[in-house]
Amino acid sequence: MKKGIKILVGMLIVFIFAAVAIQKTTAGIIPLTDWLLQKPVETYYVETSDDNYEKLWNGNYKYVFSGFNEDGDEQQITRVIDRELQTDAFLQMDASGSYGKGWGEVMEEEIPEAALLQLD
């Protein structure tokens with residue numbers, strides 16, 4: 001009986017370390033579950049700032065954006081990018097739930113009006 005409890009505690013400790021490692025080296029647990037569940041991809045518009053990222057131990061940057069779709073609906077989006085982005089730039093971010101998939105820089109004129117009003 002004691003051996004079973006030790007095995008269970010050991011497995012729990014390994015699970016906790018794995019969860020912490022995933023959180024610290026990737027976009028995090030919630031975006032990971034979004035990716036696994038394959039929610040539909042939707043386009044959001046975000047603006048970069050100097051306080052919406054953290055540098056990870058592996059040299060990548062973990063960004064957390066407040067994005068708005070063409071109707072002005074808000075979605076928090078997390079994306080790990082291999083470089084630091086320019087501050088005050090507008091990005092078009094494809095996201096599946098809160099997991100950012102693809103992105104590209106856009107001009108302010110290209111952003112739908114409802115999204116642009118929310119970004120300002």
*Same apolar cluster (I L V M F W Y, side chains within < 4.5 Å links), F65/W103*: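 Yes.
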*asked:* In this structure, would I81 and I77 fall into the same cluster of hydrophobic residues linked by side-chain contacts under 4.5 Å?
replied: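 Hydrophobic grouping puts I81 with I77.
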Run the side chain to side chain contact (heavy atoms under 4.5 Å, CB included) test against [X] and tell me which residues pass, sequence neighbours left out.
| X | value |
| --- | --- |
| D71 | N69, D73 |
| M11 | I7 |
| I13 | V9, F17 |
| E110 | V106, M107 |

*asked:* How close do P112 and E70 get, counting heavy atoms only, and between which atoms?
replied: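 Scanning both residues completely, I find the closest heavy atoms to be CG-CB, 3.7 Å.
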*Nearest non-hydrogen partners of I111 and L116, listed with the distance*: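 Minimum heavy-atom contact is CG2-N, 3.8 Å.
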*Is any side-chain heavy atom of V64 closer than 4.5 Å to a side-chain heavy atom of T78?*
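They are in contact (side-chain heavy atoms under 4.5 Å apart), so the answer is yes.
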*ring-ring contact (aromatic ring centres under 6.0 Å, His included) involving Y53 - partner list, sequence neighbours excluded*: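 Partners of Y53 under the ring-ring contact (aromatic ring centres under 6.0 Å, His included) test: Y61, Y63.
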*Return the set of residues passing side-chain hydrogen bond (donor to acceptor under 3.5 Å, both in side chains) with D94 (not counting sequence neighbours), or none when no residue passes.*
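Partners of D94 by the side-chain hydrogen bond (donor to acceptor under 3.5 Å, both in side chains) criterion, ordered by chain and then number, come out as T43.
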Considering only distance and modelled atom types, tabulate donor-acceptor pairs under 3.5 Å from the side chains of residues 44-51, sequence neighbours left out.
{"residue": "Y44", "atom": "OH", "partner": "E42", "partner atom": "OE1", "Å": "3.2"}
{"residue": "T48", "atom": "OG1", "partner": "Q86", "partner atom": "O", "Å": "2.5"}
{"residue": "T48", "atom": "OG1", "partner": "D88", "partner atom": "N", "Å": "3.1"}
{"residue": "T48", "atom": "OG1", "partner": "A89", "partner atom": "N", "Å": "2.9"}
{"residue": "T48", "atom": "OG1", "partner": "A89", "partner atom": "O", "Å": "3.4"}
{"residue": "S49", "atom": "OG", "partner": "D51", "partner atom": "OD1", "Å": "2.7"}

_Side-chain cluster (under 4.5 Å, hydrophobic types only) that L117 belongs to, other residues_ =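 The other cluster members (ILVMFWY side chains, heavy atoms under 4.5 Å, direct or chained): none.
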*asked:* If I take atom OG1 from residue T87 and atom CG from residue N52, how far apart are they, to the nearest 0.5 angstrom?
replied: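 If we round to the nearest 0.5 Å, T87:OG1 and N52:CG are 8.5 Å apart.
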*Is there any ring pair (Phe, Tyr, Trp, His ring centres under 6.0 Å) pair reaching into residues 73-98, and which pairs are they, with sequence neighbours excluded?*
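Output for this query is empty, none listed.
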*Starting from the C-alpha separation in whole Å, work towards a yes-or-no answer on side-chain contact (heavy atoms from CB on, under 4.5 Å) for E54 and L56.*
CA-CA 6 Å; E54 74 175 280; L56 301 175; 4.3 Å; yes
